[in-house]
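Before any comments, here is the structure.
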Amino acid sequence: MLSGTHNLITEKFGYLFEPELIEAIHSNMLLKEASAGTVLIEIGQTFPGIPLLLSGSLKVFREDDQGNELLLYYIESGDTCAMSLTFDPKLLKSTIRAVVEEDAQFLIIPIAFLDKWMVQYASWRSFIISSFNHRLTEMLDTIDSLAFKQLDERLKNYLSDKVKINGTTSLHLTHFEIAEELNSSRVVISRLLKQLESQGNLILHRNKIEMLLF
DNA sequence: ACATTAAGTGATT
DNA sequence: AATCACTTAATGT
């Protein structure tokens, strides 16, 4: 009973879920791992179930009809993906793309249980509701970042998010990669970064940005 | 030494 | 803020 995965689940979710629920998760889940860069789900694909992230982090993208990517939010360990929380199996087509940011371990829980546990476990119900809440708040942040903030503000937010997510101030990124994620162009990003460098916020290297203030 | 790829820059829209 | 055209710098072969 005390397998490694069981402990892992208890460690991440034990403070939230009652033992019976942990037990139920344990006997119905699929444990998966994926390394950085792996595309977990593409737009239009069907979710096999809902994911619970145990370690690592994911980034979630939206894409417009011309194929432009836009970073929506990050998912960290202990989180689930609110976009996958549909109760109607017919609606389980993904409207987003999820890519592994840092090597990740996660559980897949078949959708059937999502519904069942909602009525069975109070802790599950509040977990689902609070992750909706959490995600909605975060989504509002990105919305007003898009609507009201200039690109240099978005870039600053992007960089400090990276520092937070990766737990390091030394970011291994090219200007081109940043431009893609913010849906801008490489030249513009280079100029803004140069500007931030001259303000003493960071130091630029090839393939690397050292963050000083963030 | 040469090729490739990342980053920097002035000019134009 | 984006794009073009070009330069310069870093890195791999």
Side-chain angles (χ1 to χ4, degrees), chain A residues 32-45 51 53 55-77 79 81-84 93-106 133-214:
Chain A
K32 303 235 174 181
E33 291 185 29
S35 52
T38 308
V39 178
L40 285 185
I41 188 141
E42 259 301 339
I43 295 160
Q45 281 183 343
L53 199 57
S55 65
S57 57
L58 311 180
K59 46 187 174 182
V60 172
F61 293 99
R62 183 100 174 116
E63 198 178 70
D64 71 7
D65 41 16
Q66 280 130 52
N68 298 315
E69 278 193 334
L70 185 66
L71 183 63
L72 285 186
Y73 52 79
Y74 290 98
I75 299 178
E76 292 172 86
S77 90
D79 279 353
C81 175
M83 295 303 292
S84 69
K93 284 212 185 308
S94 178
T95 52
I96 51 100
R97 167 183 306 128
V99 180
V100 178
E101 166 87 2
E102 292 170 296
D103 295 4
Q105 282 183 300
F106 54 96
N133 220 286
H134 183 196
R135 200 54 67 207
L136 214 53
T137 314
E138 206 163 70
M139 202 79 98
L140 284 178
D141 283 347
T142 45
I143 286 177
D144 66 40
S145 149
L146 282 174
F148 308 123
K149 287 182 187 161
Q150 305 246 322
L151 189 53
D152 66 329
E153 279 298 312
R154 286 212 282 146
L155 178 60
K156 283 189 225 165
N157 288 344
Y158 173 84
L159 292 171
S160 42
D161 272 5
K162 278 275 183 197
V163 171
K164 228 176 291 164
I165 290 282
N166 295 344
T168 170
T169 56
S170 167
L171 305 173
H172 294 268
L173 290 165
T174 67
H175 301 183
F176 180 74
E177 287 166 343
I178 299 174
E180 284 209 304
E181 298 208 329
L182 295 182
N183 202 350
S184 175
S185 67
R186 198 276 304 166
V187 206
V188 172
I189 297 297
S190 291
R191 289 200 165 109
L192 290 174
L193 283 171
K194 203 71 201 156
Q195 203 179 304
L196 288 174
E197 184 179 42
S198 67
Q199 288 165 12
N201 295 26
L202 46 81
I203 301 171
L204 296 171
H205 305 273
R206 185 181 231 245
N207 291 314
K208 189 172 104 184
I209 299 172
E210 275 182 67
M211 299 299 297
L212 302 175
L213 304 171
F214 48 92

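The chains referred to below are lettered A, B, ... by the order of the sequence lines, with proteins before strands, and numbering in each begins at 1.
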query: What does L204(A) touch in the nucleic acid at a heavy-atom separation under 4.0 angstrom: a base, only the sugar-phosphate, or nothing?
result: sugar-phosphate

message: Does S185(A) reach a base, just sugar-phosphate, or nothing at all? Heavy atoms under 4.0 Å.
response: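 Contact class for S185(A): base.
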
- prompt: Under 4.0 Å between a side-chain N or O of S190(A) and OP1 or OP2 of dT9(B)?
  reply: no

message: Does dG8(B) have OP1 or OP2 under 4.0 Å away from a side-chain N or O of H175(A)?
response: yes

field: Residues E101(A), K162(A): salt bridge by 4.0 Å N-O rule
entry: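 Salt bridge between E101(A) and K162(A), a charged N being under 4.0 Å from a carboxylate O: yes.
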
Contacts under 3.5 angstrom, residues 201-214 of chain A side chains, donor-acceptor by atom type, not counting sequence neighbours:
from    : atom 1 : to      : atom 2 : distance (Å)
H205(A) : NE2    : E210(A) : OE2    : 2.8

- prompt: For the side chain of K194(A), counting heavy atoms from C-beta on, which of dA2(C), dA1(C), dG8(B) is nearest?
  reply: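 Shortest atom-to-atom distance from the side chain points to dG8(B).
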
message: Starting the side chain at C-beta, find the nucleotide from dA6(B), dA2(C), dG10(B) nearest to R191(A).
response: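 Taking heavy atoms from C-beta onward, the closest nucleotide is dG10(B).
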
message: Taking the nucleotide of DNA chain B with the nearest heavy atom to each, does R206(A) or R186(A) sit closer to the 5' end?
response: R206(A)

query: Under 3.5 Å, is there a donor-acceptor pair between the side chain of S94(A) and the main chain of I96(A)?
result: yes

query: Rounded to the nearest Å, what distance is computed from the CD1 atom of residue I203(A) to the C1' atom of nucleotide dA7(B)?
result: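 In whole Å, dA7(B) C1' lies 16 Å from I203(A) CD1.
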
message: Tell me if the CZ atom of F176(A) is crowded by more than 12 foreign heavy atoms within 6.0 Å.
response: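 It does not: F176(A) CZ has 12 such atoms or fewer within range.
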
